[in-house]
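Structure record follows, encoded as structure tokens.
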Amino acid sequence: MSIESRSATYDVEALQKKWRPVWERLDPFRADAQATDSEPDPRERRYALTMYTYPSGDLHMGHAEVFALHDVIARYWFQRDYNVLNPIGWDSFGLPAENAAIRNNEHPATYTYANIETQAASMRRYALAFDWSTRLHTSDPEYYGWQQWLFLRFYERGLAYRRASWVNWCPKDQTVLANEQVIAGACERCGTTVTKRQLTQWYFKITDYAQRLLDDMAQLEGHWPVPILTAQRNWIGRSEGAYVDFVIEGRGEPVTVFTTRPDTLFGFTFMVVAADAPLADELCTPEQRPEFEAYLEGVKRETEIDRLAADREKTGVFLGVHGVNPVTGERFPVWAADYVLADYGTGAVGGAPGEDQRDWDFAEKYGLRIVRTVQPEEGFDGKAYTGVGSAINSANDEIDLNGLTRDEAIRRIIDWLESKGHGRRAVTYRLRDWLLSRQRYWGCPIPIIHCEACGEVPVPEDQLPLKLPDLRGHDLAPKGVSPLAAATDWVEVACPKCGGPARRDSDTMDTFVDSSWYFLRYPVPHYDQGPFDVEAVRRWMPCDNYFGGSEHAVLHLLYFRFFTKVLHDMGMLDFVEPTKSLINQGQVINQGARMSKSKGNGVDLGEQIDDFGVDAVRLTMVFAGPPSDDIDWADVSPAGSYRFLQRAWRMAHDVTSAPGADPAAGDVELRRFTHRVVHEATELIESYRFNVMVARIMELVNVTRKAIDSGAGADDPAIREAAEVTTILLSLVAPYTAEDMWEGLGHEPTVALAGWPTADPELLVQESVTCVVQVQGKVRSRLQVPPDISDGDLEAMALADEAVLRIVDGREIRKVIVRAPTLVNVVV
RNA sequence: GCCGGAGUGGUGGAAUUGGCAGACACGCAGGAUUUAGGAUCCUGUGCCCUCGGGUGUGCGGGUUCGAGUCCCGCCUCCGGCACCA
């Protein structure tokens, strides 16, 4: 696209061709990462982080949005002359590369590294202010070798462990999934319905950090999006209550259950054990066994989707044993059912049908006794009563809860349980440990060797990185066990401890492990003395801002907080939260829906750039609305952005005064406007209201255009000042156009480091302000008044105003509210 | 069901200590210029209405001189969790 104008030609494509090589040569966005305490860089540091990318194909519209937004902040910090670290890297292990490799019969690395180069070239074209010297790829052995080192540290601390349990299994991808990767019963990646399998797998003990993950949110409050903090709180799911021990007839050890309502203990008339928990199997009597096993078989066959179906009728089976309620002394039956979860609490619950709808349903179906222990409110005609009320039917010789409110009853009963040794105060969490092993090839090998004699043996550190075997020519297709298991000369090793025959663990790590610490390695990306340079990280981190999508709310954004805390505990970090601030960009959609091939509503980033230029696409992304809002591409106008850039560019090229002309000699009204825009733009950027900042720049261009054509004139130095301010502000969003404007204004590249303008406080003072005069709260007149007018003078002026007199029309004035200098309200 | 967030013109959105609702754009309409226009420039544009005004920020109340903003009760949409005891 190229436009002839009376003064010059704005040709985006030519600008892109012209300036890219200049920037490559100047390399203006290098962080001074090596500056140490002994040789300090006096500038303030800023670490601008954006979620690194997965190399599947070229950049798309979503990348274009988040990068455009992120670049505003990064470039603003560069203009402020901070020492900015603005790195980029690739999340380059993962399933799509492996699946593409299987399809095309090539190695995942070929696909991965080709895409990385494609994306890197697109990022450069898109003019992102990244420091290219920091670039890292998680599939490089120098990266994942240190990840193996970290895994072994977690292992030593008991934070990485292996256990058998029922796990989420994706039948299509033929691999296990973490809880966080199961969305509404389906695989996060491919949407296939998830099933359950019993497998021995590696876990990170994130549950040890549940409370700290909650507590440290206090630091994030106000700086992280509310929905993310809420989602994490829900996910961690803290519950306060008590463990209660029940004596079971014929069993030496009592069975413990967790309850949030120990105040209803007098109403516990049965116990339910998760059918798939080992405890159910153990408690079951021989007489009941056939029935129990038949039931269990049915439970195992159910998919997650079936299990999650709403209003599903509860089913269960009597296990043949009885327990004793410690407060009533009554015997109760023990049942197994699938509405109790094996891996939450103790895998067993006390049935309190009077105050729990699930227990009520179960009791009703199987004819179990129901006792109310809370007085329902007047008119309550439901089943289980879960509202507030005072306790009833809750007394024995030693304790009397009757009449007490819920909280008081809970306190009293727990105290009693503790004093009698029947239970204790407890907190449980919904959060489960993070299942990290995956039965796939293209990932970080788990550095453990399994020896029949010695058990789990860590790969010795001097053998790290434990590289992936090439496997070229092998079948990578998913078979339920890792393809690595088939690489016999890689898998079969001598045990490092005893020298006997042993096998390497053939699973690879979840790629969310890779992304849990990449930001720590950026300051010194090729560091070879450890996973990251502890001293450099101390100087740069925590990050000052992190841009990325909210789809990671309980995935990456939880995991990287967990890693940060563990590394803090290991003495490697002096902070506990990885980033001070987080911004979630919205999604780019089209015609009201997510872009997809089947809907045929895809928008190609390359085509948009070809049609409108990089700058117009970036500007459109930034101007569309607040960063966290979705952008419907059908609602915005890259053509409009293009027209604006052209106007701005022409305005700058129309300036005729010489560089360095003293603005003080220029038109003061225009100068006031310019300085007001500078002042506001600064605040708007710092509060992430980039769209409004763009609106202010547009106003400045409009006002300056008018001043050139029918005001101060093209040679007024205030015009130059306005044009230069416009150029610098615009450089955050439209770097090509701004660079060319800067040259047109007689300056050397690069405008990116020209320096952020400062507003002259004297020019921010208004000469006169508009005062609104209301009668009965309705605007009836406007007055131009000096900003320091007194309340009395202003009131006199307002009451003398013609329009006010007409409306008041002789009625008695009851009250006059004066807020000098902006408002007067006359009440009659 | 529980926990969050949000509802403003034809459209995207402004207005963040309660003080001019609709900034800035898109679109549309009219005009200028042009061989032409997916170019450029100018003007207009919440709704109703007869100039004058009335009315208006999801709905209903309330507080206040004054409410998009605060309070109470609803409705709708979006996100998280969901048999978590």
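This one's a predicted model, so the numbers in the text were calculated from it and none came from an experiment. Letters A, B, ... mirror the listed sequences (proteins, then strands); counts begin at 1.
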Touch class at under 4.0 angstrom, heavy-atom based, for Asp343(A) against every strand present: nothing
Rounded distance in Å - CG (Asp630(A)) to P (G5(B)): 18 Å
Nucleotide opposite G79(B) in a Watson-Crick or G-U pair, distances under 3.5 Å: C3(B)
Per Phe623(A) side chain, nearest of listed nucleotides A14(B), G54(B), G12(B): G12(B)
C1'-based separation of A21(B) from A67(B) [nearest Å]: 12 Å
Test side-chain contact (heavy atoms from CB on, under 4.5 Å) applied to Met693(A) and Thr682(A), Ile685(A), Val677(A), the passing residue: Ile685(A)
Side-chain touch Ser165(A)/Tyr203(A), heavy atoms, less than 4.5 angstrom: yes
Residue Ala231(A), side-chain atoms from C-beta onward, closest of G80(B), A85(B), A39(B): G80(B)
Pair Phe270(A) and Trp335(A), ring centroids less than 6.0 Å apart: no
P atoms of A14(B) and A25(B), separation to the nearest Å: 15 Å
First encountered from the 5' end of RNA chain B, between Lys815(A) and Asn691(A): Asn691(A)
Any-strand Watson-Crick or G-U partner of A39(B), both distances under 3.5 Å: none
Sugar-phosphate, base or nothing in reach of Arg233(A), heavy atoms under 4.0 Å: nothing
Minimum-distance nucleotide (side-chain atoms of Thr230(A) versus A14(B), C65(B), G4(B)): G4(B)
Thr620(A)-Ser641(A) side chain donor-acceptor pair, cut-off 3.5 Å: yes
Identified pairing partner of G52(B), criterion: Watson-Crick or G-U wobble below 3.5 Å: none
Nearest to side-chain heavy atoms of Tyr339(A), which nucleotide of C83(B), G54(B), G13(B): C83(B)
Given A14(B), A85(B), C20(B), the nucleotide with the shortest approach to the side chain of Val779(A): C20(B)
Nucleotide paired to A67(B) in any strand shown, Watson-Crick or G-U, under 3.5 Å: none
Lys/Arg-Asp/Glu bridge criterion (N-O < 4.0 Å) met for Glu812(A), Arg814(A): no
Candidate nucleotides G12(B), C24(B), C41(B), ranked by approach to the side chain of Asp635(A) - the nearest: G12(B)
Interatomic distance at P, C71(B) relative to G1(B), whole Å: 24 Å
Whichever of Gly640(A) and Pro626(A) has its nearest RNA chain B nucleotide further upstream toward 5': Pro626(A)
Nucleotide of C24(B), U55(B), A85(B) approaching Leu341(A) most closely (side-chain heavy atoms): A85(B)
Exceeds 12 heavy-atom contacts within 6.0 angstrom, atom NZ of Lys365(A): yes
N/O donor-acceptor pair, side chain Arg782(A) with base C20(B), under 3.5 angstrom: yes
G62(B) glycosidic torsion: syn (within 90° of 0) vs anti: anti
Given C65(B), C81(B), G12(B), the nucleotide with the shortest approach to the side chain of Asn825(A): C65(B)
Spacing of Lys314(A) atom NZ relative to A82(B) atom C1', expressed in whole Å: 12 Å
Between G18(B) and U11(B) - C1' atom distance, rounded Å: 29 Å
C1' atoms of G19(B) and G66(B), separation to the nearest Å: 7 Å
Sugar-phosphate only, base, or nothing, as touched by Val816(A) at under 4.0 Å among non-hydrogen atoms: nothing
Residues Glu180(A) and Trp235(A): side-chain donor-acceptor under 3.5 angstrom: yes
Sugar-phosphate only, base, or nothing, as touched by Thr822(A) at under 4.0 Å among non-hydrogen atoms: nothing
Selection from C81(B), G13(B), A23(B) that lies nearest to any side-chain heavy atom of Asn234(A): C81(B)
Closest to the Thr770(A) side chain, choosing from C20(B), C81(B), C24(B): C20(B)
Under 4.0 angstrom between Arg430(A) side-chain N/O and G80(B) OP1 or OP2: no
Nucleotide U40(B), atom C1' - distance to OH of Tyr642(A) in whole Å: 12 Å
U40(B) phosphate, OP1 or OP2, under 4.0 Å from Gln646(A) side-chain N/O: yes
Integer-rounded Å distance: C24(B) C1' and Glu680(A) CD: 12 Å
Atom C1', compared across C26(B) and U33(B): separation rounded to whole Å: 24 Å
Any-strand Watson-Crick or G-U partner of C59(B), both distances under 3.5 Å: G73(B)
Residue from Asp276(A), Val272(A), Thr315(A), Val317(A) passing side-chain contact (heavy atoms from CB on, under 4.5 Å) with Asp338(A): Thr315(A)
Touch class at under 4.0 angstrom, heavy-atom based, for Val827(A) against every strand present: sugar-phosphate
CZ (Arg594(A)) with more than 12 external heavy atoms under 6.0 Å: no
C47(B) versus G22(B) - spacing of their P atoms, nearest Å: 14 Å
Length of the OH-P vector between Tyr10(A) and U40(B), whole Å: 12 Å
Between P of A25(B) and CZ of Arg705(A), the distance in whole Å: 15 Å
Gap between atoms CZ and P, on Arg432(A) and C81(B) respectively (whole Å): 13 Å
Touch class at under 4.0 angstrom, heavy-atom based, for Pro225(A) against every strand present: nothing
Rounded distance (Å) that lies between atom C1' of C65(B) and atom CZ of Arg811(A): 14 Å
Sugar-phosphate only, base, or nothing, as touched by Ala695(A) at under 4.0 Å among non-hydrogen atoms: base
Sugar-phosphate only, base, or nothing, as touched by Asn702(A) at under 4.0 Å among non-hydrogen atoms: sugar-phosphate
Nucleotide paired to C24(B) in any strand shown, Watson-Crick or G-U, under 3.5 Å: G12(B)
Euclidean distance for C1', U43(B) against G5(B) (whole angstrom): 41 Å
Touch class at under 4.0 angstrom, heavy-atom based, for Gln774(A) against every strand present: base
N/O (side chain, Lys778(A)) to phosphate O (OP1/OP2, C65(B)) under 4.0 Å: no
Any donor-acceptor N or O pair under 3.5 Å, side chains Tyr429(A), Thr207(A): no
Presence of Arg689(A) side-chain N/O under 4.0 Å of A15(B) phosphate oxygens OP1/OP2: yes
Arg643(A) vs C26(B): side-chain N/O to OP1/OP2 distance below 4.0 Å: yes
